[in-house]
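Here's the structure we're looking at; comments come further down.
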There are 2 protein chains.
Amino acid sequence: MPDYWSTLDVDLHLPVDPGTGRRNGLEHALRDAIRDGRLHAGTRLPSTRTLAMELGLSRGTVSAAYDQLIAEGHLVAKQGSGTHVAHTAATIELSTTSDHGPTAPARMRHNLRAGSPDLSRFPTAAWLRASRCALDRAPSEAFGYGDPCGRIELRSALAEYLGRTRGVLATPEQIIITTGVQQALSLVGGVLSQSKMPVMAMEDPYIPLFRDAVRISGPAVVPLPVDEDGAQVDLLTTNDFDGVGAAVVTPSHQFPIGSTLSPSRRQALAAWARAGHLVIEDDYDGEFRYDRQPVGAVQGIAPENVIYIGSASKTLGPGLRLAWMVLPSRWVGAITEAKQLADRHSETLGQLTLAEMITSHAYDRHVRSSRLRYRKRRDLLAERLKPRGGRPLTGFALGGIAAGLHALIRLEPAGLSENEVLTRAAEYSLAINGLSGMWLSPNQNEHRPQAIVIGFGSPTDGAYPAALDALVRTLSWR
Amino acid sequence: MPDYWSTLDVDLHLPVDPGTGRRNGLEHALRDAIRDGRLHAGTRLPSTRTLAMELGLSRGTVSAAYDQLIAEGHLVAKQGSGTHVAHTAATIELSTTSDHGPTAPARMRHNLRAGSPDLSRFPTAAWLRASRCALDRAPSEAFGYGDPCGRIELRSALAEYLGRTRGVLATPEQIIITTGVQQALSLVGGVLSQSKMPVMAMEDPYIPLFRDAVRISGPAVVPLPVDEDGAQVDLLTTNDFDGVGAAVVTPSHQFPIGSTLSPSRRQALAAWARAGHLVIEDDYDGEFRYDRQPVGAVQGIAPENVIYIGSASKTLGPGLRLAWMVLPSRWVGAITEAKQLADRHSETLGQLTLAEMITSHAYDRHVRSSRLRYRKRRDLLAERLKPRGGRPLTGFALGGIAAGLHALIRLEPAGLSENEVLTRAAEYSLAINGLSGMWLSPNQNEHRPQAIVIGFGSPTDGAYPAALDALVRTLSWR
């Protein structure tokens, strides 16, 4: 039997009907595959020599069949690059592709939407270097099925990093790697739905997709109001929250309001947790704190009753889908099982690369230089929106700028509505988020603040000043 | 305000109580962080210059605090590499890590378990080259949140590849990237559970974890028996399968039995699908076919009624968590939504790298050389197990070897039980799977074949002959 599989050529699945004669059979099989769309326009075919060996035909037979299909216009022979499927009317339709997924945002010139860091600053060179390092060192088993909790290299690196930078108390055994904060919340939701208190409180406003993901995992979701001191955690002990087993909070920088949980509320939240509840701390941008005393994770003051969640989405980019949870020991078993049932375990190569980035301190360097960049942007935003006696921008309240990559601009003092501002922003080709899309609970005819959310992390350094110009023009209403 | 964030140094979260005096406050904060375990043994501290700038203290104050803690044994100064947290009794316990996740298999010398390719052959160099190429070309937005369906680059590459190699009819718009066959089944399960026929049939034996993952996504699961012609699809039209909306099958190489769905059953399955049911085709090892006429995907004969699922787990490695589904158009919307709720979208960098591997034909080359390697192993397995007049190995039936990376050895002709063989294998330090762990339905006291599953893809080339020796010794019972 010839070792035809070793030829370095493209692979082709071609069922040739032996009843129709050799050359005819091959011609039919190729023609059908092209007409049906199995062979797409532009596809390179194997060389006549390779295909002849694979099918046990003579090379002349294959050449003759190729020539016939070239004559028919189904194939094209290009000097030096072999034989390809032609772009005919029948195939063009099938090979049409689109750049725009169903969720691609409308293209605006300026982007101040929240939720993303400056993606043009992704440290490609450092990432590739770390990736090569990690893969060179990785044992073969790293490419196989692994621990549902994630790679021990990354969990060890994170235990050290989170203790040092966020005051989180963790051993590697308490850490589970997930594909995002969203998946982490779903996993907790699935386990909570089996408990005696299958209801989860979530700060409101927050991220509606997270609410939906938790609901589909089992628990009911009840909204927990937020004010300028963060989540109103005192409400958790009232009758309205009977049956609530867990509360999702963003203590260091509420999304999207931007407030920080006050010290007394941190203590109240920790006390509620110790009374037999679970606090889920979404520390999505804890690395970016600009002015004040550092605010450590709530997990550090109640490690037995808090699940801490962090991610690389704001430090590197959400496309990596890399996040982590630090669990009280008694939760590790159930969440591990839920993770295994969800997707077996998270992808390995990204985990090994991030571990290498952290242990080599390349991650620290990237975070620190990012923090500098975003603080400058934050300062520029505040400067541009400063009230100037009698000038158009008087009357806006800028908030939530002590940390993170986004700020909130309240519109009431100026007497404007969110809709008016969004319409005007579109005229300046400026993409921003209104606050109204982030409420978890339906509008119960109560008064809700009119506000817009500004993501100053999203644009490139070069595009940021023009985006701010567009924002100032948008707000210069009268 | 000094630009202290720009210093290229490690990050440290250290809440210093201003009430206790500068140097005392810093000493306390450091001591507490080390005692609590927030600062792990071995952690490098920032330089005195950096920390002084960050905390607004003099460098002398920080030096004095470091010196005090060095004197106490909490810190260690190493010439040329800065100041580190010492390995004291209190910290050693916290920093203990383990190589073994909760699911790590017992260490045996020889590995013939099924489910994995030869991981030592992961094409690290080609992968890194493709990764660099893909990242250099990737637009910034690739690092951000993306299309729940996956990257268009990979979906386009797969549409061409799957048509060419597996006879799958697909446009990029019908393809959704998932983290594995398991997640693909869960997503279909979630959508199916909302339908009028929320029951899924699954070949039995198959993979119990897949059954559990589907059940947790909603539908009930009923077992579909399998014989030497593949799934007994004629049963699907009987009363026993009333209410079954979908059937999961492995037509080209049943896992774990190894049989191929017969041509008449392929037609019957396609007819059942066209009558308003859904066929889910798990084509987990379709690339590895050794002897006969190629067997194309069933999707190619009933593209409007079949969901095709493939993955890179057997061609590259399961650690990548890269798989894909080709959907009938009417299923695209619901599965896209389910994917978004599960984990937003799959990780991007691996998708871009695999797309580059496919379009550069590096993937084809790897698959072809792997196919050659595994065919040789398959041949060697058959050779070693050949009955030789009166010799100990007479009486075993080797099956399922026309394709894939595993084979089935039936033990009945030799009068052996699975348990006997597994016990004996352990004595030879040989890891193999028994068939009994792969049944989806509980044993209803009926006769089930005694058999073992041999994964000849798992060991390295160098380790394979010794593993076969151990297998032959294990089976040389009398």
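Residue numbering restarts at 1 for every chain, and letters A, B, ... go by the order of the sequence lines. The analysis underlying the following values was restricted to heavy atoms, covering all of them including side chains, and did not include hydrogens, waters or symmetry mates.
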Can you tell which part of B:Ala125 gets under 4.5 Å to a heavy atom of chain A, answering side chain, backbone, both or neither? neither
Identify which of A:Gly300, A:Ala142, A:Ala342 forms the greatest number of heavy-atom pairs closer than 4.5 Å to chain B. A:Ala342
For each of B:Ser313, B:Pro117, B:Ser120, tally heavy-atom pairs with chain A at distances under 4.5 Å, and name the one with the top tally. B:Ser120
Flag the one option from A:Ala213, A:Pro303, A:Gly167, A:Gly317 with the top tally of heavy-atom pairs under 4.5 Å to chain B. A:Gly167
Interatomic distance, B:Arg164 atom CZ to A:Arg38 atom CZ [nearest 0.5 angstrom]: 14.0 Å
Within this structure, what is the OG-CG distance for the pair A:Ser131 and B:Leu349, rounded to the nearest 0.5 Å? 8.5 Å
Whether A:Glu347 side chain and B:Gly350 backbone form a donor-acceptor pair below 3.5 Å: no
In terms of heavy-atom proximity below 4.5 Å to chain A, should B:Ser346 be classed as side chain, backbone, both, or neither? backbone
Interatomic spacing from CZ in B:Arg321 to OG1 in A:Thr348 - rounded to 0.5 Å: 8.0 Å
Evaluate side chain to side chain contact (heavy atoms under 4.5 Å, CB included) for B:Thr50 paired with A:Arg368, printing each intermediate quantity in order. CA-CA 12 Å; B:Thr50 303; A:Arg368 293 170 76 87; 3.6 Å; yes
Where B:Gly37 and A:Leu169 come nearest, the two heavy atoms and their spacing: C-CD2, 3.9 Å
With a 4.5 Å cut-off on heavy-atom pairs, point out which of A:Asp212, A:Leu209, A:Val214 contacts chain B the most. A:Leu209
Rounded to the nearest 0.5 Å, what's the gap from CG on B:Leu128 to CZ on A:Arg132? Could you check? 5.0 Å
So how far is it from A:His345 NE2 to B:Thr179 OG1, rounded to the nearest 0.5 Å? 9.5 Å
Bottom line for A:Tyr145: the part with an atom under 4.5 Å from chain B's heavy atoms is both
Any donor-acceptor pair under 3.5 Å linking the side chain of A:His40 with the backbone of B:Ala170? yes
Could you measure the distance from the CG atom of A:Leu320 to the CZ atom of B:Phe143? Nearest 0.5 Å is fine. 8.0 Å
Donor-acceptor pair, side chain of A:Glu160 and main chain of B:Gly42, under 3.5 angstrom: no
Is it the side chain or the backbone of B:Val367 that comes within 4.5 Å of chain A heavy atoms, both, or neither? side chain
Select one option (side chain, backbone, both, neither) describing which atoms of A:Ala33 are under 4.5 Å from chain B's heavy atoms. neither
Is any side-chain heavy atom of A:Arg344 closer than 4.5 Å to a side-chain heavy atom of B:Gln183? no
Heavy-atom nearest pair, A:Glu141 first then B:Leu119, reads CA-CD1, 4.0 Å
